[in-house]
Amino acid sequence: MRHVIALDVGGTAMKAALAGPGGEVLHRARRATGRAQGPDAVVAGLLDFAAELHAYGAEHFGTPASAAGVAVPGIVDEADGVAVYAANLGWRDIPLRELLAQRLGVPVALGHDVRTGGLAEGRVGAGRGADRFLFVALGTGIAGAIGVDGRVEAGAHGFAGEIGHIVVRPGGSPCPCGQHGCLERFASAAAVSEAWAAASGDPDADAADCAKAVDSGDPKARAVWQQAVDALADGLVTALTLLDPRTLIIGGGLAEAGETLFTPLREAIRGRITFQKQPTLVPAALGDSAGCLGAGLLAWDLLASTDRMEVTP
């Protein structure tokens, strides 16, 4: 059976699948990223993992994978297939596409993890059927994916969708990017955890604890939560003004709060827009499988473009 390899490389784990032509998952696998052993070891482990998946497909489905798709964190040059920089993996200028193609003997597509997850959400997840969508992941940081007609825009230099670095509070908290007042310093899961730990006096408290306290009516928690919602709405309205998406998909750890987040966020956006059209605001549907599913879509898209080139006279 024709299939592709899909790999999602995270800071602690690599998730993988063999995906059929209809997107069906034929096989799943997972292993530790092993970043404590250094960047070279992570690359070696990734290549070995991909080779094992290649062999598994050949043994169990009668033919090896036709292509591979890989989603990685950090700065990614998708056109040249290079993992430019990933702080949590120690990577700098790793030619992953070339290394994997040499090891597997098949074409390889490389993508940014959030954009790849956004591709899956837009095409087969919460944004299915939307011609224009914006996917925003609220995790340790905040990043986004701009979807247009079934594809995700990487930008001229691979930085499209970095909504977490829109300045929403000029002169505010310093951000590792070098600016002050970036959205992710106020509305990421990490930022809410930090603010709630300080407000509650519990250094171990996190964003999930804050959401529970909001639901129980704690006024301190509500204040922390509303500050995050207001900052998030300010950043999102800027994005809506620029992009005019039909569907706005919110994922990541903070979105797990459900309507504790979505109800006030819808109200905050509604109160800020003037001429803009309010998009449909929905939670992400694919969870932590989005990156892997998106990597599979990248691989199938690569094969489709290759097939078209081969039949062009």
Side-chain angles (χ1 to χ4, degrees), residues 1-10 14-31 46-72 76 78-79 81 96-133 135 145 147-154 247 249 251 284-313:
M1 180 179 184
R2 202 177 191 209
H3 63 277
V4 298
I5 295 169
L7 275 160
D8 179 17
V9 182
M14 292 186 283
K15 298 182 286 290
L18 298 180
E24 63 274 24
V25 176
L26 307 174
H27 171 68
R28 293 183 188 273
R30 185 184 182 105
R31 69 167 49 177
L46 171 59
L47 295 176
D48 289 345
F49 193 21
E52 290 171 16
L53 292 163
H54 192 259
Y56 184 96
E59 179 181 353
H60 290 82
F61 303 115
T63 181
S66 301
V70 185
V72 298
V76 183
E78 297 174 0
L96 277 182
R97 185 175 66 194
E98 179 183 352
L99 292 173
L100 282 162
Q102 289 176 349
R103 184 69 176 269
L104 302 176
V106 299
V108 176
L110 185 69
H112 179 272
D113 56 353
V114 174
R115 287 196 294 267
T116 301
L119 175 67
E121 284 288 355
R123 197 180 293 180
V124 300
R128 183 196 295 264
D131 57 344
R132 301 286 192 282
F133 70 87
F135 168 70
V148 181
D149 292 333
R151 64 179 182 82
V152 169
E153 175 58 53
T247 303
I249 308 166
L286 302 177
D288 68 357
S289 66
C292 198
L293 292 172
L297 293 174
L298 288 179
W300 283 114
D301 287 352
L302 178 61
L303 284 175
S305 64
T306 302
D307 291 345
R308 286 194 298 270
M309 290 176 62
E310 289 178 351
V311 300
T312 300

Quiz prompt | Contact check, side chains of His3 and His27, non-hydrogen atoms, under 4.5 Å | solution = no
Exercise. With rounding to the nearest 0.5 Å, note down the distance linking CZ in Arg115 to CG in Leu298.
Key: 10.0 Å
Quiz prompt | Interatomic spacing from CG in Leu119 to CG in Asp301 - rounded to 0.5 Å | solution = 6.5 Å
Quiz item: From Arg128 CZ over to Ile249 CD1, what is the distance, rounded to the nearest 0.5 angstrom?
Solution: 11.5 Å
Quiz item: Any idea which heavy atoms bring Val4 and Gly296 closest together, and the distance?
Solution: CG2-O, 3.9 Å
Exercise. Please tell me if the side chains of Glu52 and Arg31 come closer than 4.5 Å, counting only heavy atoms from C-beta onward.
Key: yes
Quiz item: According to the side chain to side chain donor-acceptor pair (under 3.5 Å) rule, which pairs have a member within residues 98-113, sequence neighbours left out?
Solution: Asp48-Arg103, Glu98-Gln102
Exercise. Using modelled atom types only, decide if a donor and an acceptor are shared between the side chain of Trp300 and the backbone of Ala67 within a distance under 3.5 Å.
Key: no
Quiz item: Hey, are the side chains of Arg123 and Phe133 touching, using non-hydrogen atoms and a 4.5 Å cut-off?
Solution: no
Quiz item: At their closest point, which heavy atom of Gly117 faces which heavy atom of Phe135, and how far apart are they?
Solution: C-CE2, 4.4 Å
Exercise. Would you indicate whether the side-chain heavy atoms of Val152 and Thr116 approach each other to under 4.5 Å?
Key: no
Exercise. Apply side chain to side chain contact (heavy atoms under 4.5 Å, CB included) to Arg132 and Asp149, showing your working.
Key: CA-CA 6 Å; Arg132 301 286 192 282; Asp149 292 333; 3.1 Å; yes
Exercise. Starting at CE of Met1, measure out to CG of Leu26 and round the result to the nearest 0.5 Å.
Key: 5.0 Å
Quiz item: With a 4.5 Å limit on heavy-atom distance, are the side chains of Leu96 and Leu46 in contact?
Solution: yes
Quiz item: In Å and rounded to the nearest 0.5 Å, what is the CG to CG distance from Leu7 to Leu18?
Solution: 9.0 Å
Quiz item: Looking only at heavy atoms, which two atoms of Pro107 and Ser66 are closest? And how far apart?
Solution: CD-O, 3.4 Å
Practice problem: Go through the steps for Met14 and Asp8 under the test side chain to side chain contact (heavy atoms under 4.5 Å, CB included), then give the verdict. | Solution: CA-CA 6 Å; Met14 292 186 283; Asp8 179 17; over 6 Å; no
Practice problem: For Ala68 and Leu104, work out which heavy atoms get closest and say how close. | Solution: CB-CD1, 4.1 Å
Exercise. Check step by step if side chain to side chain contact (heavy atoms under 4.5 Å, CB included) holds for Ile5 and Val108.
Key: CA-CA 9 Å; Ile5 295 169; Val108 176; over 6 Å; no
Quiz item: Taking atom CG of Leu297 and atom CG of Leu302, what is their separation to the nearest 0.5 Å?
Solution: 12.5 Å
